[in-house]
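Everything below concerns the one structure shown next.
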Amino acid sequence: MRGAVIHAPGDVRFQTLDDPKILRPTDAIIRTAVTCVCGSDLWPYRGAEPIGEPHPMGHEYVGFVEEVGSEVTSLRPGQFVVGSFATSDNTCANCGNGFQSNCLNREFMSTCQAEYVRIPNAQGTLVATDEAPGEDLWPGLLAVSDVMGTGWWAADAAEVAPGSTAVVVGDGAVGLCGVIAAKEMGAERIIAMSRHAPRQKLAREFGATDIVTERGEEGVARIKEMTGGIGADSVLECVGTAQAMSQALHSARPGGNVGFVGVPHDVAVDGQELFFSHVGLRGGPAPVRRYLPDLVDRVLTGRIDPGKVFDLTLPLAQVAEGYQAMDERRAVKTLLEP
(Lines give C-alpha, C1' and ligand atoms only; values in the text may rest on other atoms or scores of the structure.)
Protein backbone atom coordinates (compact mmCIF):
# COMPACT_ATOMS: atom_id res chain seq x y z
CA MET A 1 0.00 0.00 0.00
CA ARG A 2 0.96 3.68 -0.06
CA GLY A 3 1.02 6.13 2.82
CA ALA A 4 2.59 9.20 4.41
CA VAL A 5 5.95 8.99 6.21
CA ILE A 6 7.68 11.85 8.02
CA HIS A 7 11.46 11.90 7.64
CA ALA A 8 12.42 15.25 9.15
CA PRO A 9 10.83 18.62 9.92
CA GLY A 10 9.13 19.82 6.75
CA ASP A 11 9.75 16.50 5.01
CA VAL A 12 6.67 14.30 4.58
CA ARG A 13 6.74 11.75 1.77
CA PHE A 14 4.17 9.53 0.10
CA GLN A 15 5.77 6.12 -0.25
CA THR A 16 5.23 2.39 -0.41
CA LEU A 17 4.65 0.66 2.94
CA ASP A 18 3.97 -2.91 4.03
CA ASP A 19 0.31 -3.83 3.97
CA PRO A 20 -1.09 -4.00 7.52
CA LYS A 21 -1.84 -7.46 8.89
CA ILE A 22 -3.88 -8.85 11.76
CA LEU A 23 -1.34 -9.12 14.59
CA ARG A 24 -3.72 -9.85 17.48
CA PRO A 25 -7.15 -11.47 17.58
CA THR A 26 -8.60 -8.11 18.68
CA ASP A 27 -7.38 -6.29 15.54
CA ALA A 28 -9.24 -5.20 12.43
CA ILE A 29 -7.99 -3.96 9.07
CA ILE A 30 -9.90 -1.15 7.38
CA ARG A 31 -9.69 0.33 3.89
CA THR A 32 -9.52 4.07 4.37
CA ALA A 33 -12.43 6.04 2.91
CA VAL A 34 -10.92 9.43 3.74
CA THR A 35 -8.24 10.62 6.15
CA CYS A 36 -6.65 13.98 6.90
CA VAL A 37 -3.90 16.07 8.43
CA CYS A 38 -4.33 17.16 12.05
CA GLY A 39 -3.08 20.36 13.63
CA SER A 40 -1.15 18.23 16.12
CA ASP A 41 0.70 16.65 13.17
CA LEU A 42 2.28 20.06 12.66
CA TRP A 43 4.24 19.84 15.93
CA PRO A 44 6.77 17.34 14.54
CA TYR A 45 6.45 18.86 11.06
CA ARG A 46 7.61 22.17 12.52
CA GLY A 47 10.36 20.56 14.58
CA ALA A 48 8.63 21.19 17.92
CA GLU A 49 8.57 17.44 18.66
CA PRO A 50 11.37 14.96 17.96
CA ILE A 51 10.87 12.69 14.96
CA GLY A 52 13.59 10.08 15.40
CA GLU A 53 13.51 7.47 12.68
CA PRO A 54 11.19 8.04 9.69
CA HIS A 55 7.72 6.78 10.57
CA PRO A 56 4.13 6.78 9.26
CA MET A 57 1.76 9.57 10.20
CA GLY A 58 -1.94 10.12 10.83
CA HIS A 59 -4.50 9.32 13.52
CA GLU A 60 -7.88 10.26 12.01
CA TYR A 61 -9.83 7.82 9.88
CA VAL A 62 -13.10 6.41 8.64
CA GLY A 63 -13.33 3.45 6.34
CA PHE A 64 -14.60 0.02 5.41
CA VAL A 65 -13.80 -3.12 7.35
CA GLU A 66 -11.62 -5.47 5.31
CA GLU A 67 -10.74 -8.15 7.86
CA VAL A 68 -11.25 -8.83 11.57
CA GLY A 69 -9.40 -10.88 14.16
CA SER A 70 -10.95 -13.97 15.72
CA GLU A 71 -12.10 -12.13 18.86
CA VAL A 72 -13.85 -9.33 16.99
CA THR A 73 -17.48 -10.42 16.91
CA SER A 74 -19.40 -7.15 16.52
CA LEU A 75 -17.89 -6.13 13.17
CA ARG A 76 -17.88 -7.72 9.74
CA PRO A 77 -16.14 -7.01 6.45
CA GLY A 78 -17.84 -4.36 4.37
CA GLN A 79 -19.16 -2.25 7.25
CA PHE A 80 -18.43 1.47 7.33
CA VAL A 81 -16.79 2.41 10.62
CA VAL A 82 -15.70 5.48 12.57
CA GLY A 83 -13.01 5.18 15.22
CA SER A 84 -10.86 7.24 17.56
CA PHE A 85 -7.22 8.30 17.64
CA ALA A 86 -6.93 6.43 20.97
CA THR A 87 -8.01 2.80 20.82
CA SER A 88 -9.83 1.22 23.74
CA ASP A 89 -11.22 -2.14 24.77
CA ASN A 90 -14.27 -0.26 26.15
CA THR A 91 -14.50 -2.77 29.01
CA CYS A 92 -11.84 -1.73 31.55
CA ALA A 93 -12.57 0.44 34.59
CA ASN A 94 -11.31 3.62 32.93
CA CYS A 95 -13.49 2.98 29.89
CA GLY A 96 -16.44 2.31 32.18
CA ASN A 97 -15.86 5.70 33.77
CA GLY A 98 -16.01 7.33 30.34
CA PHE A 99 -12.29 7.85 29.81
CA GLN A 100 -11.63 5.47 26.94
CA SER A 101 -8.64 7.58 25.92
CA ASN A 102 -7.02 6.33 29.14
CA CYS A 103 -7.98 2.68 28.57
CA LEU A 104 -5.69 0.23 30.35
CA ASN A 105 -5.04 -1.31 26.93
CA ARG A 106 -4.89 1.97 25.02
CA GLU A 107 -2.86 2.36 21.87
CA PHE A 108 -2.58 5.67 20.00
CA MET A 109 -3.16 5.51 16.27
CA SER A 110 -0.27 6.76 14.17
CA THR A 111 -0.50 5.21 10.69
CA CYS A 112 -3.79 6.53 9.29
CA GLN A 113 -2.61 8.68 6.39
CA ALA A 114 -2.56 5.53 4.29
CA GLU A 115 -4.71 3.36 2.09
CA TYR A 116 -5.19 0.65 4.74
CA VAL A 117 -4.93 0.77 8.53
CA ARG A 118 -4.68 -1.80 11.32
CA ILE A 119 -6.99 -0.91 14.23
CA PRO A 120 -6.05 -2.44 17.60
CA ASN A 121 -8.85 -3.04 20.13
CA ALA A 122 -11.21 -2.92 17.18
CA GLN A 123 -14.37 -4.10 18.94
CA GLY A 124 -14.12 -1.42 21.62
CA THR A 125 -12.88 1.32 19.32
CA LEU A 126 -14.90 1.18 16.10
CA VAL A 127 -18.51 2.23 15.70
CA ALA A 128 -20.27 0.92 12.59
CA THR A 129 -23.04 2.80 10.81
CA ASP A 130 -26.23 0.93 9.95
CA GLU A 131 -25.41 1.31 6.28
CA ALA A 132 -22.65 2.92 4.25
CA PRO A 133 -23.24 6.70 4.33
CA GLY A 134 -23.04 8.82 1.22
CA GLU A 135 -19.67 10.29 0.40
CA ASP A 136 -21.00 13.76 1.20
CA LEU A 137 -21.13 12.69 4.87
CA TRP A 138 -17.62 11.26 5.02
CA PRO A 139 -15.92 14.57 5.93
CA GLY A 140 -18.27 15.14 8.86
CA LEU A 141 -17.80 11.60 10.12
CA LEU A 142 -14.04 11.93 9.74
CA ALA A 143 -14.15 15.09 11.86
CA VAL A 144 -15.95 13.11 14.55
CA SER A 145 -12.98 10.71 14.80
CA ASP A 146 -10.88 13.48 16.34
CA VAL A 147 -11.48 17.23 16.01
CA MET A 148 -15.25 17.16 16.63
CA GLY A 149 -14.84 14.65 19.43
CA THR A 150 -12.03 16.75 20.87
CA GLY A 151 -14.00 19.99 20.57
CA TRP A 152 -16.90 18.26 22.30
CA TRP A 153 -14.60 17.13 25.11
CA ALA A 154 -13.29 20.69 25.50
CA ALA A 155 -16.85 21.95 26.00
CA ASP A 156 -17.76 19.04 28.25
CA ALA A 157 -14.63 19.47 30.40
CA ALA A 158 -15.33 23.21 30.65
CA GLU A 159 -18.88 22.36 31.79
CA VAL A 160 -20.69 24.41 29.15
CA ALA A 161 -24.31 24.64 30.24
CA PRO A 162 -27.55 26.04 28.82
CA GLY A 163 -27.61 29.83 29.02
CA SER A 164 -23.89 30.12 29.79
CA THR A 165 -21.11 32.19 28.26
CA ALA A 166 -18.32 30.22 26.60
CA VAL A 167 -15.02 31.45 25.20
CA VAL A 168 -13.10 29.41 22.61
CA VAL A 169 -9.34 30.01 22.50
CA GLY A 170 -8.04 28.77 19.15
CA ASP A 171 -9.53 28.98 15.66
CA GLY A 172 -8.16 25.76 14.22
CA ALA A 173 -10.37 22.79 13.46
CA VAL A 174 -10.67 21.78 17.13
CA GLY A 175 -11.58 25.30 18.24
CA LEU A 176 -14.16 25.62 15.46
CA CYS A 177 -15.65 22.28 16.46
CA GLY A 178 -15.63 23.53 20.05
CA VAL A 179 -17.95 26.31 18.87
CA ILE A 180 -20.32 23.66 17.48
CA ALA A 181 -20.17 21.79 20.79
CA ALA A 182 -20.83 24.88 22.89
CA LYS A 183 -23.86 25.70 20.78
CA GLU A 184 -25.17 22.14 20.98
CA MET A 185 -24.77 22.24 24.76
CA GLY A 186 -26.89 25.37 24.94
CA ALA A 187 -24.42 28.21 25.52
CA GLU A 188 -26.20 31.53 25.07
CA ARG A 189 -23.06 33.47 24.22
CA ILE A 190 -20.09 31.96 22.39
CA ILE A 191 -17.02 34.15 21.99
CA ALA A 192 -14.52 32.88 19.42
CA MET A 193 -11.00 34.29 19.65
CA SER A 194 -9.69 34.55 16.09
CA ARG A 195 -7.71 36.91 13.89
CA HIS A 196 -8.42 35.19 10.57
CA ALA A 197 -11.43 36.32 8.54
CA PRO A 198 -12.27 32.93 6.91
CA ARG A 199 -12.13 31.20 10.29
CA GLN A 200 -14.19 33.95 11.91
CA LYS A 201 -16.83 33.45 9.23
CA LEU A 202 -16.94 29.70 9.85
CA ALA A 203 -17.04 30.23 13.62
CA ARG A 204 -20.11 32.44 13.21
CA GLU A 205 -21.69 29.85 10.92
CA PHE A 206 -21.12 27.25 13.61
CA GLY A 207 -22.74 29.41 16.28
CA ALA A 208 -20.28 32.01 17.59
CA THR A 209 -22.09 35.15 18.73
CA ASP A 210 -18.97 37.30 19.14
CA ILE A 211 -15.44 37.48 17.75
CA VAL A 212 -12.42 38.75 19.71
CA THR A 213 -9.27 39.42 17.70
CA GLU A 214 -7.00 40.45 20.57
CA ARG A 215 -4.58 37.95 22.15
CA GLY A 216 -2.70 37.62 25.41
CA GLU A 217 -3.40 40.23 28.07
CA GLU A 218 -5.32 42.37 25.58
CA GLY A 219 -7.52 39.39 24.75
CA VAL A 220 -8.20 38.72 28.43
CA ALA A 221 -9.05 42.40 29.00
CA ARG A 222 -11.51 42.27 26.10
CA ILE A 223 -13.21 39.17 27.50
CA LYS A 224 -13.48 40.79 30.94
CA GLU A 225 -14.95 43.91 29.33
CA MET A 226 -17.57 41.81 27.56
CA THR A 227 -18.52 39.90 30.71
CA GLY A 228 -19.01 42.68 33.21
CA GLY A 229 -15.44 42.47 34.46
CA ILE A 230 -15.89 38.91 35.73
CA GLY A 231 -14.95 36.48 32.97
CA ALA A 232 -16.64 33.61 31.16
CA ASP A 233 -18.40 30.61 32.66
CA SER A 234 -16.52 28.20 30.42
CA VAL A 235 -13.33 28.51 28.40
CA LEU A 236 -12.19 26.00 25.79
CA GLU A 237 -8.40 25.97 25.31
CA CYS A 238 -7.79 24.42 21.90
CA VAL A 239 -4.20 25.36 21.07
CA GLY A 240 -1.64 23.96 23.52
CA THR A 241 0.76 26.91 23.86
CA ALA A 242 1.70 28.72 27.04
CA GLN A 243 0.02 31.91 25.83
CA ALA A 244 -3.22 30.10 25.00
CA MET A 245 -3.35 28.42 28.41
CA SER A 246 -2.67 31.68 30.23
CA GLN A 247 -5.29 33.44 28.14
CA ALA A 248 -7.82 30.71 28.89
CA LEU A 249 -7.23 30.64 32.65
CA HIS A 250 -7.41 34.41 32.98
CA SER A 251 -10.56 34.62 30.83
CA ALA A 252 -12.58 32.35 33.14
CA ARG A 253 -14.61 33.76 36.01
CA PRO A 254 -14.11 32.62 39.61
CA GLY A 255 -16.01 29.34 39.77
CA GLY A 256 -15.74 28.94 36.01
CA ASN A 257 -14.02 26.11 34.20
CA VAL A 258 -11.34 25.66 31.57
CA GLY A 259 -11.32 22.59 29.33
CA PHE A 260 -7.87 22.20 27.78
CA VAL A 261 -7.43 19.90 24.82
CA GLY A 262 -4.53 21.43 22.92
CA VAL A 263 -1.49 19.14 23.34
CA PRO A 264 0.62 21.21 25.79
CA HIS A 265 3.97 22.53 24.64
CA ASP A 266 6.04 24.50 27.17
CA VAL A 267 2.93 25.05 29.28
CA ALA A 268 3.36 25.58 33.03
CA VAL A 269 0.50 26.43 35.40
CA ASP A 270 1.22 28.47 38.52
CA GLY A 271 -0.30 26.49 41.38
CA GLN A 272 -0.59 29.52 43.68
CA GLU A 273 -2.37 31.53 41.01
CA LEU A 274 -4.71 28.66 40.15
CA PHE A 275 -5.47 28.12 43.84
CA PHE A 276 -6.68 31.67 44.40
CA SER A 277 -8.50 31.96 41.06
CA HIS A 278 -11.22 29.42 41.94
CA VAL A 279 -11.05 28.29 38.30
CA GLY A 280 -11.51 24.59 37.53
CA LEU A 281 -9.10 22.99 35.08
CA ARG A 282 -9.65 19.70 33.28
CA GLY A 283 -8.43 18.28 30.00
CA GLY A 284 -6.28 15.69 28.30
CA PRO A 285 -6.68 13.43 25.27
CA ALA A 286 -10.34 13.44 24.33
CA PRO A 287 -12.36 10.33 25.22
CA VAL A 288 -13.79 10.37 21.71
CA ARG A 289 -15.21 6.85 22.00
CA ARG A 290 -17.55 8.07 24.75
CA TYR A 291 -19.14 10.52 22.32
CA LEU A 292 -18.96 8.56 19.06
CA PRO A 293 -22.51 7.13 18.88
CA ASP A 294 -24.08 10.50 19.66
CA LEU A 295 -21.84 12.53 17.36
CA VAL A 296 -22.15 10.06 14.49
CA ASP A 297 -25.93 10.34 14.80
CA ARG A 298 -25.78 14.14 14.83
CA VAL A 299 -23.79 14.10 11.58
CA LEU A 300 -25.96 11.47 9.87
CA THR A 301 -29.16 13.36 10.76
CA GLY A 302 -27.72 16.67 9.58
CA ARG A 303 -27.89 18.33 12.98
CA ILE A 304 -24.19 19.28 12.81
CA ASP A 305 -21.75 19.51 9.91
CA PRO A 306 -18.21 19.60 11.29
CA GLY A 307 -16.92 18.49 7.90
CA LYS A 308 -16.93 22.18 6.92
CA VAL A 309 -13.59 22.54 8.74
CA PHE A 310 -12.01 20.80 5.73
CA ASP A 311 -11.25 23.64 3.36
CA LEU A 312 -8.67 21.83 1.22
CA THR A 313 -9.15 18.42 -0.40
CA LEU A 314 -6.22 16.61 -1.99
CA PRO A 315 -5.37 13.12 -3.20
CA LEU A 316 -3.46 11.22 -0.54
CA ALA A 317 -0.50 11.25 -2.94
CA GLN A 318 -0.26 15.02 -2.36
CA VAL A 319 -0.14 14.72 1.43
CA ALA A 320 3.05 16.83 1.58
CA GLU A 321 1.15 19.78 0.09
CA GLY A 322 -1.58 19.24 2.69
CA TYR A 323 0.94 19.65 5.51
CA GLN A 324 2.51 22.70 3.89
CA ALA A 325 -0.84 24.41 3.35
CA MET A 326 -1.80 23.98 6.99
CA ASP A 327 1.65 25.00 8.21
CA GLU A 328 1.38 28.22 6.19
CA ARG A 329 -2.22 28.73 7.39
CA ARG A 330 -3.52 28.54 3.83
CA ALA A 331 -5.86 25.81 5.04
CA VAL A 332 -7.67 25.09 8.29
CA LYS A 333 -7.64 21.34 7.69
CA THR A 334 -6.68 19.14 4.76
CA LEU A 335 -8.88 16.22 3.69
CA LEU A 336 -7.01 13.38 1.97
CA GLU A 337 -8.64 10.99 -0.49
CA PRO A 338 -6.84 7.65 -0.99
Side-chain angles (χ1 to χ4, degrees), residues 1-24 26-45 49 51-69 72 75 77-88 106-122 125-128 132-133 135 138-147 149 173 288 307 310 312-327 331 333-338:
M1 70 170 186
R2 305 276 280 172
V5 175
I6 189 166
H7 287 255
D11 183 6
V12 172
R13 307 176 194 176
F14 185 65
Q15 59 190 70
T16 300
L17 300 166
D18 292 337
D19 292 338
K21 295 180 173 58
I22 298 289
L23 301 180
R24 301 189 187 109
T26 50
D27 290 347
I29 306 296
I30 67 166
R31 173 173 56 84
T32 308
V34 282
T35 182
C36 57
V37 181
C38 183
S40 63
D41 293 332
L42 297 181
W43 292 112
Y45 185 79
E49 288 180 0
I51 293 171
E53 294 296 316
H55 58 81
M57 290 290 287
H59 54 265
E60 298 159 283
Y61 59 95
V62 294
F64 296 90
V65 177
E66 288 281 306
E67 184 182 358
V68 298
V72 180
L75 301 168
Q79 285 183 304
F80 186 93
V81 290
V82 185
S84 165
F85 62 85
T87 73
S88 56
R106 174 187 66 190
E107 293 186 42
F108 285 113
M109 298 300 300
S110 60
T111 64
C112 299
Q113 290 163 7
E115 295 169 330
Y116 293 87
V117 183
R118 180 180 75 90
I119 312 294
N121 298 309
T125 300
L126 299 175
V127 171
E135 292 187 21
W138 290 2
L141 294 170
L142 177 61
V144 165
S145 79
D146 183 359
V147 290
V288 171
F310 295 105
L312 177 63
T313 299
L314 294 172
L316 182 57
Q318 296 178 29
V319 60
E321 164 59 18
Y323 273 80
Q324 187 174 358
M326 288 176 61
D327 180 47
K333 193 166 179 67
T334 304
L335 183 81
L336 301 169
E337 297 178 330

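All residue numbers refer to positions in the sequence shown, counting from 1. Just so it is clear, the model here is predicted, and its values are computed rather than measured.
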Ring geometry between F108 and F85 (parallel below 30°, tilted from 30 to 60°, perpendicular above 60°): parallel

For the residue pair [X] and [Y], establish whether any side-chain heavy-atom pair is separated by less than 4.5 Å.
| X | Y | result |
| --- | --- | --- |
| Y45 | P9 | no |
| D27 | I119 | no |
| R31 | P338 | no |
| V12 | V319 | yes |
| E60 | C112 | no |
| V5 | L17 | yes |
| Q324 | Q318 | no |

Looking at [atom1] of [X] and [atom2] of [Y], how far apart are the two atoms once the value is rounded to the nearest 0.5 Å?
| X | Y | atom1 | atom2 | result |
| --- | --- | --- | --- | --- |
| E337 | T313 | CD | OG1 | 5.5 Å |
| I51 | D11 | CD1 | CG | 8.0 Å |
| L312 | T334 | CG | OG1 | 4.5 Å |
| M57 | C38 | CE | SG | 9.0 Å |
| L126 | S145 | CG | OG | 11.0 Å |
| R106 | S88 | CZ | OG | 10.5 Å |

Member of D146, T111, T35 meeting the side chain to side chain donor-acceptor pair (under 3.5 Å) criterion with H59: D146

Sole residue of L316, V37, L142 in side chain to side chain contact (heavy atoms under 4.5 Å, CB included) with L335: L142

Tell me whether [X] is salt-bridged to [Y], with the criterion being a basic N under 4.0 Å from an acidic carboxylate O.
| X | Y | value |
| --- | --- | --- |
| K21 | D19 | no |
| R118 | E67 | no |
| E115 | R2 | no |

Least distance between heavy atoms, H55 atom then E53 atom: CD2-O, 3.1 Å

Closest heavy-atom pair and its distance - F80, A132: CB-CA, 4.2 Å

Derivation and outcome, side chain to side chain donor-acceptor pair (under 3.5 Å), residues Q15 and H7: CA-CA 11 Å; Q15 59 190 70; H7 287 255; 2.9 Å; yes

Residue pair Y323 / Q113, side-chain donor-acceptor N/O under 3.5 Å: yes

For T87, all residues meeting side chain to side chain contact (heavy atoms under 4.5 Å, CB included), sequence neighbours excluded: E107, M109, P120, N121, T125

